[in-house]
Engineer: 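There's a structure below that I have some questions on.
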Amino acid sequence: MKTDLSWVLNDVLEVRGARHAILVSGDGLLLQRSDDIGRDDAETNAAAMSSMQSLSRAVAGFVGAGHGIWKQTLLEYDGGWIFLIAAGQGSYLAVSAALDVDMEAMSFRMQKTVAALSKAMSVAPRSDNGVGV
């Protein structure tokens, strides 16, 4: 059963200027998309975002020895921004936004969204360790 997490992705779109959000696996598969982006576009962008995070990790050492742990990739285009962050083990959150987006608010909301995704996808440990009493 696939869990519908679009509600969590749609939450990040409450930041003024946010356009689309996708959750991507490390190997480029679309895990979830916000309501406002079509499946084909989301799948194409998921593959590209996976490559982008891989490239970003590969050049992380360029910032200096011991300081090369990738946290976020930010891409600027003449029509807007793309934010890309880790969203847990082997997954990434990508959000597109308009040029006038509040970048601090977007980064904060994305971190909050990642925390919500982690909580939504976690399973509470069983107190009986699976053994009936």
Engineer: Any link between Met103 and Val114 through a network of hydrophobic side chains (Ile, Leu, Val, Met, Phe, Trp, Tyr) touching at under 4.5 Å?
Structural biologist: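 Same hydrophobic cluster.
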
Engineer: Among all residues two or more places apart in sequence or in another chain, which pass the ring-ring contact (aromatic ring centres under 6.0 Å, His included) test with Trp81?
Structural biologist: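 With sequence neighbours excluded, Trp81 shows a ring-ring contact (aromatic ring centres under 6.0 Å, His included) to no residue whatsoever.
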
Engineer: Hey, quick one: are Tyr77 and Ile22 part of the same hydrophobic cluster, counting side-chain heavy atoms closer than 4.5 Å, chains of contacts allowed?
Structural biologist: yes

Engineer: Going by the rule salt bridge (Lys or Arg N to Asp or Glu O under 4.0 Å), which residues pair with Arg109 if we only count those two or more places apart in sequence or in a different chain?
Structural biologist: Asp11, Glu14

Engineer: Is it possible for you to say whether Leu75 and Ile37 belong to one hydrophobic cluster, with membership spreading through side-chain heavy-atom contacts below 4.5 Å?
Structural biologist: yes

Engineer: Hey, are the side chains of Tyr92 and Ile85 touching, using non-hydrogen atoms and a 4.5 Å cut-off?
Structural biologist: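 No, too far: nothing below the 4.5 Å cut-off.
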
Engineer: Indicate the atoms forming the closest heavy-atom contact of Ala42 with Leu30, along with that distance.
Structural biologist: CB-CD2, 3.6 Å

Engineer: Are Met110 and Leu99 co-members of a hydrophobic cluster defined by side-chain heavy atoms under 4.5 Å apart?
Structural biologist: yes

Engineer: List the atom of Asn10, the atom of Ser34, and the distance in Å for their closest heavy-atom pair.
Structural biologist: OD1-CB, 3.2 Å

Engineer: Step by step, work out the side-chain contact (heavy atoms from CB on, under 4.5 Å) result for Ser91 and Val24.
Structural biologist: CA-CA 5 Å; Ser91 63; Val24 181; over 6 Å; no

Engineer: Treating Gln111 as the side-chain partner and Phe108 as the backbone partner, does any N or O pair qualify as donor plus acceptor under 3.5 Å?
Structural biologist: no

Engineer: In the structure I gave you, are the side-chain heavy atoms of Leu9 and Leu93 within less than 4.5 Å of one another anywhere?
Structural biologist: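 Yes, at least one pair of side-chain atoms sits under 4.5 Å.
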
Engineer: Sub-3.5 Å donor-acceptor pair from the side chain of Ser96 to the main-chain atoms of His20, do we have one?
Structural biologist: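 Looks like yes, one N/O pair under 3.5 Å.
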
Engineer: Can you name the nearest heavy-atom pair linking Arg57 to Ala86, along with the distance?
Structural biologist: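 Shortest heavy-atom separation between Arg57 and Ala86 comes out as NH2-CB, 4.4 Å.
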
Engineer: Using the rule that Ile, Leu, Val, Met, Phe, Trp and Tyr join whenever any side-chain heavy atoms are under 4.5 Å apart, tell me whether Trp70 and Val63 fall into a single cluster.
Structural biologist: no

Engineer: Give, for atom CG of Asp78 and atom CD of Glu76, the distance between the pair rounded to the nearest 0.5 Å.
Structural biologist: 9.0 Å

Engineer: If you compare all heavy atoms of Ser56 against all heavy atoms of Thr73, which two are closest, and at what distance to 0.1 Å?
Structural biologist: OG-OG1, 2.6 Å

Engineer: With the side chain counted from C-beta on, respond yes when Met49 and Ile82 share a heavy-atom pair under 4.5 Å apart, and no when they do not.
Structural biologist: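 Sidechains of Ile82 and Met49: in contact.
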
Engineer: Are any of the side-chain nitrogens in Arg33 or Asp41 under 4.0 Å away from the carboxylate oxygens of its partner?
Structural biologist: no

Engineer: Would you say the side chain of Val95 lies within less than 4.5 Å of the side chain of Met106, judging by non-hydrogen atoms?
Structural biologist: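 Result yes, sub-4.5 Å side-chain heavy-atom pair found.
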
Engineer: Does Ser54 reach the main-chain N or O of Ser50 with its side chain, forming a donor-acceptor pair under 3.5 Å?
Structural biologist: no

Engineer: Check Ala97 against Arg19 and note the closest heavy-atom contact, atom names and distance.
Structural biologist: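 Where Ala97 meets Arg19 most closely, the heavy atoms are O-NH1, 3.7 Å.
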
